[in-house]
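This report concerns only the one structure given below.
Scope of the values below: all heavy atoms of this structure, side chains included, with no hydrogens, waters or symmetry mates. Along the sequence shown, residues carry numbers from 1.
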Amino acid sequence: MTRIVYISGQNDAVNVEKDAASVQSLLEWCAFDWYVERSPWAGHEVAGPAVLGRALDMLEKHAKPDLARLNNCRLRTNQELDKTIVQADDLLTAGDSDGARRLLNKIDTRYGGLAAPRSVDLAARIGMD
């Protein structure tokens, strides 16, 4: 289990925004064990001892696993992957190997090894191996 803790100053708009984008990505990838610590009245500066101490303490306080939420999220991710693999396969079947190759590159960028072995098989059929 991985726990991620973000520390940013309350007034550090750039990094608060980056934290939010990162949390959104975690949620999309079914990672729910995270915590955000904001330093009150602080901008982009080194966290003080109290804030850093709380953040370090929170690293050890894992969120209670919600297996139903995790399973639903993983199911959604697998369904999205399946749909995209089928689309790439359909392009190849229709004779559009360039389109299939472009879509497979997007699949590899988004899912990486999670798409294997189907993406590897498709790459071999396209001639990308």
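Remark: Arg38 pairs with Asp19 by the salt bridge (charged side-chain N to carboxylate O under 4.0 Å, His left out) rule, at least two apart or across chains. The salt bridge (charged side-chain N to carboxylate O under 4.0 Å, His left out) search around Arg102 returns none, not counting sequence neighbours. Evaluation of the side-chain hydrogen bond (donor to acceptor under 3.5 Å, both in side chains) rule for Asp82 yields Arg118 as partners, not counting sequence neighbours. Annotation: side-chain hydrogen bond (donor to acceptor under 3.5 Å, both in side chains) contacts of Arg110 (sequence neighbours excluded): none.
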Subject >> Residue pair Arg3, Glu60: steps toward the side chain to side chain contact (heavy atoms under 4.5 Å, CB included) verdict >> reply: CA-CA 8 Å; Arg3 172 96 165 144; Glu60 297 179 1; over 6 Å; no

Original post:
Could you go step by step and tell me if Tyr6 and Val16 meet the side chain to side chain contact (heavy atoms under 4.5 Å, CB included) rule?
Top reply: CA-CA 9 Å; Tyr6 298 87; Val16 167; over 6 Å; no

Original post:
Which is it for Arg54 and Asp57 under the salt bridge (charged side-chain N to carboxylate O under 4.0 Å, His left out) test, yes or no, and what are the steps along the way?
Top reply: CA-CA 5 Å; Arg54 277 193 307 275; Asp57 288 343; over 6 Å; no

Original post:
Please walk me through it: do Lys106 and Thr109 pass side chain to side chain contact (heavy atoms under 4.5 Å, CB included)?
Top reply: CA-CA 5 Å; Lys106 289 179 182 179; Thr109 298; 5.6 Å; no

Original post:
Where do Val14 and His44 land on the side chain to side chain contact (heavy atoms under 4.5 Å, CB included) test, with the steps shown first?
Top reply: CA-CA 9 Å; Val14 170; His44 185 72; over 6 Å; no

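How far CZ of Arg74 is from CG of Leu67: 9.0 Å, rounded to the nearest 0.5 Å. A distance of 9.0 Å separates CG in Asn11 from CD in Glu45, rounded to the nearest 0.5 Å. We find the OG-CG distance between Ser39 and Asp12 to be 9.5 Å, quoted to the nearest 0.5 Å. A distance of 8.5 Å separates CG in Asp89 from CD1 in Ile126, rounded to the nearest 0.5 Å. A distance of 5.5 Å separates CG in Leu27 from CD in Gln24, rounded to the nearest 0.5 Å. For the atom pair CG of Leu122 and CG of Asp108, the computed distance is 9.0 Å after rounding to the nearest 0.5 Å.
A pairwise comparison of heavy atoms in Gln10 and Trp41 identifies OE1-N, 3.1 Å as the closest pair. Contact record, Asn15 with Ser8: CB-OG, 3.9 Å, taken as the closest heavy-atom pair. Closest of all the heavy-atom pairs between Ala116 and Val120 is CB-CG2, 4.1 Å. Across all their heavy atoms, His62 and Thr2 have their closest contact at CE1-C, 4.3 Å. Residues Ile7 and Ala55 share a closest heavy-atom pair of CD1-CB, 3.3 Å. Heavy atoms only, all atoms of each residue included: Leu103 and Ala88 are closest at CD2-N, 3.4 Å.
The shortest distance between side-chain heavy atoms of Val23 and Trp34 falls below 4.5 Å. Contact annotation: the side chain of Pro65 never approaches that of Leu70 to less than 4.5 Å [non-hydrogen atoms, C-beta and beyond].
If you chain together hydrophobic residues whose side chains sit under 4.5 Å apart, Leu59 and Val51 fall into the same group. There is no path of hydrophobic side-chain contacts, each under 4.5 Å, that joins Leu26 to Val5. Using a 4.5 Å cut-off between side-chain heavy atoms of Ile, Leu, Val, Met, Phe, Trp and Tyr, with links allowed through other members, Phe32 and Tyr35 fall into different hydrophobic clusters.
Heavy-atom contacts from other residues, nucleotides or ligands closer than 6.0 Å to CD of Glu17 number 12 or fewer.
Identified under the disulfide (SG to SG under 2.5 Å) test for residues 20-115, with sequence neighbours left out: Cys30-Cys73. Counting only residues at least two apart or in different chains, ring-ring contact (aromatic ring centres under 6.0 Å, His included) contacts with residues 71-124 comprise Trp29-Tyr111.
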